[in-house]
Amino acid sequence: MKTYLAVYYLIQFCGHSWIFTNMTARLLFFGKDSFADTFYSIGLVMQACQLLSVLELLHILTGVEQQLLLPKFFQVTERLVILFLVITSQEEVQSKCIVCLLFFLWNLWDVIRYPYLLLSAVGIDYSTMTWLNHTLWIPVQPLSLLAEVYTVYESLPYFETRGTFCYTMSLPFAVSIYFPYILKVYLVILPAGVLYTCSQLYSERKLYLKQQKLK
């Protein structure tokens, strides 16, 4: 299982590193013009990486990884909802600069998190990587939350105008599903999920700092 986890983390690291490098290079060469087609350049790889991250939930459920399920569930599902239901479904949203910022923040965290997990899986303790893993989330998670909330907010007019994912089902009584209302409810739930995830990351950081003091 160690070999499997190492390969999985390596694949994720390669994917997110490619995305991060691609976005950084495009921003340096094209400036603000790179925002317009960021999604078209890296969207497919981003989708593949996020779909692959569902395996992390299975890892926990099957005991392959010793992590708490709920924080990981919030982290995986929030990205899937934002990426596939909000961004991918609305072409106008894909070209907005907030999407570029959101992808940058997601991958900034992942290019540290996955190599740390990779090294841990093979039994290597690299102090700098460990410190970054337990520290970088402090600015990245709140900023990612703000970017996610703003992305959903920006998408609402397009969902309201086009009626995407809005359905009326003919049951014994008519049931209407108005997706913009669901997104507004999600905007309330999202901060709670991120706050819970941050509380778990904070607990891990406290344990890490305590262990460092004992050395």
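A quick note: this is a predicted structure, and the numbers were derived from the prediction, not measured.
The shortest side-chain heavy-atom distance between Thr24 and Phe20 falls under the 4.5 Å cut-off.
Distance check: Tyr208 OH to Lys213 NZ gives 12.0 Å after rounding to the nearest 0.5 Å. Expressed to the nearest 0.5 Å, how far CG of Leu27 lies from CZ of Phe35 amounts to 5.5 Å. One finds the NE2 atom of His16 at 4.0 Å from the SG atom of Cys49 (value rounded to the nearest 0.5 Å).
Contact detail for Leu83 and Gln47: the closest heavy-atom pair is CD2-CA, 3.8 Å. Of all heavy-atom pairs spanning Val194 and Glu78, the tightest one is CG2-OE1, 3.5 Å. When every heavy atom of Tyr8 is checked against every heavy atom of Leu52, the shortest pair comes out as OH-O, 3.4 Å. Here the closest heavy-atom approach between residue Val140 and residue Leu105 is recorded as CG1-O, 3.6 Å. The nearest pair of heavy atoms linking Trp109 to Gln75 is NE1-NE2, 4.0 Å. Pro180 and Leu156 get closest at one heavy-atom pair: O-CD2, 3.9 Å.
Note on ring orientation: taking the six-membered ring where Trp is involved, the planes of His59 and Tyr4 are perpendicular (angle over 60°, cut-offs 30° and 60°). The aromatic rings of Tyr9 and Tyr114 sit tilted, their planes meeting at an angle between 30° and 60°.
Around atom CZ of Phe84, more than 12 heavy atoms belonging to other residues, nucleotides or ligands sit under 6.0 Å away. Residue Trp18 places its CH2 atom among more than 12 non-hydrogen atoms of other residues, nucleotides or ligands, all under 6.0 Å distant.
Of the charged side-chain nitrogens involved, none lies within less than 4.0 Å of a carboxylate oxygen, so that Lys210 and Glu204 do not count as a salt-bridged pair. Using a 4.0 Å cut-off between charged side-chain N and carboxylate O, Arg113 and Glu56 make a salt bridge.
Tested against Leu102 for a side chain to side chain contact (heavy atoms under 4.5 Å, CB included), the candidates Leu146, Ile87, Thr38 yield a single pass: Ile87.
With hydrogens and angles left out, the side-chain atoms of Arg205 and Thr135 include a donor and acceptor closer than 3.5 Å. A side-chain donor from one of Gln90 and Thr164 sits under 3.5 Å from a side-chain acceptor of the other.
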*What do the steps show when you test Leu119 against Thr130 for side-chain contact (heavy atoms from CB on, under 4.5 Å), and what is the final call?*
CA-CA 9 Å; Leu119 292 175; Thr130 303; over 6 Å; no
_Could you go through Glu91 and Tyr40, starting from their C-alpha distance and side-chain angles, then the distance that decides it, and tell me whether this counts as side-chain hydrogen bond (donor to acceptor under 3.5 Å, both in side chains)?_
CA-CA 10 Å; Glu91 189 172 351; Tyr40 302 100; 3.2 Å; yes
*List the steps, then state whether side-chain hydrogen bond (donor to acceptor under 3.5 Å, both in side chains) holds for Ser41 with Asn22.*
CA-CA 8 Å; Ser41 301; Asn22 187 295; 5.0 Å; no
